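Order of the sequence lines fixes the chain letters, A, B, ..., with proteins taken first and strands second; residue numbering starts at 1 for each chain. In this text, all values refer to a predicted model and were calculated from it rather than measured experimentally. Values below: all heavy atoms of this structure, side chains included; hydrogens, waters and symmetry mates excluded.
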Number of protein chains: 2
Amino acid sequence: MSDAAPWLDDEEMSAWLPLIGLVMRLPGALDQSLRRDVGLSHFEYGVLAVLEQAEDQTMRMSDLAYLCNGSLSRLSHVARRLEGDGLLRRYACPTDGRSTLATLTDGGREVLKKAAPGHVQTVRDLIFDEFSRDEIRLLGDMCRRIIARIQAQ
Amino acid sequence: MSDAAPWLDDEEMSAWLPLIGLVMRLPGALDQSLRRDVGLSHFEYGVLAVLEQAEDQTMRMSDLAYLCNGSLSRLSHVARRLEGDGLLRRYACPTDGRSTLATLTDGGREVLKKAAPGHVQTVRDLIFDEFSRDEIRLLGDMCRRIIARIQAQ
DNA sequence: TCGGGTTGCTTGATGCATCAAGTAGTGAAG
DNA sequence: CTTCACTACTTGATGCATCAAGCAACCCGA
């Protein structure tokens with residue numbers, strides 16, 4: 001936390017503007033190809049993708065929400081829709097009656113399989129084709145450091 | 001554009017996850033303090049802030065939309081609300097009847113003045129206090145390169 | 001074992017973003 | 001001077017995110 005807070009100088013501004021530009025434009029760019037290919041938003045895709053990597057392809061709602069960078073409320077709404085479309089299923093946790101477990105269905109796996117190649121291509125086109133290995137590591141580190149500060153808020 | 005599109009490897013994944021984490025969490029973090037302080041979203045604040053820097057504090061809607069990283073439609077809706085709140089005014093462009101010019105009102109300037117210190121503080125807390133000058137330059141460059149690819153889509 | 005506090009999740013209302021469609025002005029070819 | 005395509009913007013409908021409130025289930029101390 002800085003003591004005084006003078007307005008950003010030119011150098012800072014010429015990093016800040018691109019950063020918010022990125023942050024505001026990337027979600028839309030990611031949504032577009034996924035919507036077109038399989039009718040999912042990037043957030044919905046993320047939910048399924050995280051589930052796929054999970055033990056038994058099953059996860060507590062709150063853990064899922066955290067890993068998907070969204071609120072529990074947002075996830076709850078989205079999970080209702082995805083469940084309605086047969087892409088995941090929810091059931092009460094046997095060991096803790098408060099928790100809900102979400103698990104990927106066969107339909108969900110299929111949609112993921114269908115969506116993945118196009119999505120990966122988009123990600124490569126937008127990010128990884130642009131940078132060297134070293135730059136990629138650096139980018140990841142910087143993002144992690146900012147996230148840590150957001151969490152600390 | 002890469003030829004094949006194999007799934008991301010571990011190194012790529014450990015940059016990709018933080019990047020989308022950042023992109024999904026930063027907007028909310030920026031909205032929060034602005035909402036609390038002056039009841040504006042970050043996008044609305046951005047519209048006013050860009051106008052303030054403009055020649056005569058006035059700008060064509062489409063140029064404004066571009067600089068604010070949003071669609072013209074989004075800006076149009078937002079401008080209607082901001083105009084309703086007396087923070088900006090719109091009027092027909094005298095030289096091109098298709099264009100609309102938006103200009104900052106005194107009320108808009110006041111709100112900006114009230115919002116700026118807290119917002120700058122947030123931005124410093126989240127970003128600039130974390131990084132050296134060199135890192136900041138680097139971050140800006142990387143974001144610019146990604147944006148260029150998004151635009152090229 | 002019972003009360004208060006906490007956790008985990010869902011829901012309904014509100015407000016915002018997005019998309020497609022519509023209107024109107026402009027420029028340029030014929 | 002008219003028509004056609006294009007640009008600039010607005011609008012209305014839909015669907016999504018967010019917030020506050022609510023409801024169980026759990027935990028823990030007395």
Can you measure [X] atom [atom1] to [N] atom [atom2] for me and round it to whole angstrom units?
X       : N      : atom1 : atom2 : result
B/Leu75 : D/dT11 : CG    : P     : 13 Å
B/Asp31 : D/dC19 : CG    : C1'   : 13 Å
B/Gln32 : D/dA17 : CD    : P     : 17 Å
B/Met61 : D/dA8  : CE    : C1'   : 10 Å
B/Glu44 : C/dC16 : CD    : P     : 6 Å

Short side-chain N/O contact to [N] OP1/OP2 from [X], under 4.0 Å:
X       : N      : value
A/Arg36 : C/dC19 : no
A/Arg80 : C/dG12 : no
A/Arg74 : D/dC16 : no

Between the base of D/dT10 and the side chain of B/Ser73, is one N or O donor paired with an acceptor at under 3.5 angstrom? no
Is a donor-acceptor contact shorter than 3.5 angstrom present between the side chain of B/His77 and the base of C/dT18? yes
Taking atom types as modelled and ignoring hydrogens, do the side chains of B/Thr103 and B/Arg89 form a donor-acceptor contact shorter than 3.5 angstrom? no
Between A/Leu72 and A/Arg35, which has a closest nucleotide on DNA chain C that is more 5'? A/Leu72
Counting only heavy atoms not in A/Tyr66, do more than 12 sit closer than 6.0 Å to its OH atom? no
Has B/Arg145 got more than 12 heavy atoms of other residues, nucleotides or ligands less than 6.0 Å from its CZ? yes
Just to be sure I understand the rule, does A/Ser62 reach a base, reach only the sugar-phosphate, or reach nothing, if contact means heavy atoms closer than 4.0 Å? sugar-phosphate
Keeping the roles fixed (side chain from [X], backbone from [Y]), state whether a donor-acceptor pair exists under 3.5 Å.
X       : Y       : result
A/Ser41 : A/Asp31 : no
A/Asp56 : A/Thr58 : no
B/Glu12 : B/Asp9  : yes

Give, ordered by number, those residues of residues 83-105 of chain A having at least one heavy-atom distance below 4.0 Å to an atom of DNA chain D; if nothing qualifies, reply none. A/Asp96, A/Gly97, A/Arg98
With under 30° as parallel and over 60° as perpendicular, where do the rings of B/Trp16 and A/His42 fit, or are they tilted in between? perpendicular
